[in-house]
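Keep in mind the model is a prediction, meaning the values are calculated, not measured.
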Amino acid sequence: MSTLTLGVFQQREHGLGRSFALSAMVHIVLAAVLFLGVRWQVHAPSTVEVELVDAPPPPTPVVEAPKPPPPPKIEPEVKPPPPVPKPDIVLREKPKPKPEPKKIPPPKPKDDLELKKRMQEQLAMEQKALDQQRQERQLRELLAAQKADAARKASAARASALGEYIGRIQAKVRGNWILPQDLQGNPEAIFLVIQLPTGEVLSTRLLKSSGNPAYDTAVERAILKSSPLPLPSDRSLFDRELKLTFRPRDK
């Protein structure tokens, strides 16, 4: 026997062995199935309760409706406005009639009496208010007149006291001046005098010259010689600065 024939024979034996093994396995499996089936028929099957629940329906997809295409733009035809005919005659509007005034019925006699009574009471109240206003005005005028009179008297009294105070100063100055012999007329010289509270003269200044230098100098020397000047009886009249006027013919 050749080597090729021997190899084919060995392959056939090997294939038959595999077939026999596969057939044996199939028979074993069938026997096991039959045994388990008979065993399952002998034992009572256990009861299994199953509650069937309907599955919720799947959500319906929302399908958007397709948007219609925009309508084509149609440009309106522009027509010229029709000519306005001019009226031949202008009609004037007729004036509206005025509404007639409402007629008020005459009041009853009882209403007349009540109305007259109310009017009298109102007049009496107004008259009383007017009288009160007049009295208040008269009182204010009287008080104002009294206040003005008092101020006028006080001013007059102050002016009189001030005049008396200035007069005493002028009299003392006149007693101390030596006037020039060729002085003519009644020349006026005005001096500003600065003094202490004791009447002591600090300085003098000529505000208005008399036109005669000799007379002005004589008056200034007399003022300085009269220091201290007389003091006022009322200390409220004292002023640190005094404006004094001198005329040789005045007394």
- Donor-acceptor pair, side chain of Lys172 and main chain of Pro228, under 3.5 angstrom: yes

- Determine yes or no for a side-chain-to-main-chain donor-acceptor pair under 3.5 angstrom, with Gln195 supplying the side chain and Leu242 the backbone.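 No: the side chain of Gln195 does not pair with the backbone of Leu242.
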
Would the number of heavy atoms belonging to other residues, nucleotides or ligands and lying under 6.0 Å from [atom1] of [X] be above 12?
| X | atom1 | value |
| --- | --- | --- |
| Arg221 | CZ | no |
| Ile178 | CD1 | no |
| Arg240 | CZ | no |
| Glu121 | CD | yes |

So [Y] and [X], do their side chains get closer than 4.5 Å, heavy atoms only?
| X | Y | result |
| --- | --- | --- |
| Lys147 | Leu143 | no |
| Pro248 | Leu183 | yes |
| Gln170 | Ile166 | yes |

- Query: Rounded to the nearest 0.5 Å, how far does CZ of Phe191 lie from CG of Leu244?
  - Reply: 9.5 Å

- Message: Nearest 0.5 Å, please: how far is CD in Gln146 from NZ in Lys153?
- Response: 10.0 Å

Would you name the heavy atoms of [X] and [Y] that are closest together and state the gap between them?
| X | Y | answer |
| --- | --- | --- |
| Trp177 | Ala222 | CB-CB, 3.3 Å |
| Val219 | Val173 | O-CG1, 4.3 Å |
| Ala189 | Tyr215 | CB-CE2, 3.9 Å |
| Ile223 | Phe246 | CD1-CE1, 3.7 Å |
| Arg247 | Arg174 | O-NE, 4.1 Å |
| Leu237 | Arg158 | CD2-NH1, 3.3 Å |

- Task: May I ask you to decide whether Asp149 forms a salt bridge with Arg152, counting only side-chain N to carboxylate O separations under 4.0 Å?
- Result: yes

Checking [Y] against [X]: is there a side-chain donor and acceptor pair closer than 3.5 Å?
| X | Y | result |
| --- | --- | --- |
| Asp131 | Gln135 | no |
| Ser236 | Asp234 | yes |
| Ser227 | Glu200 | yes |

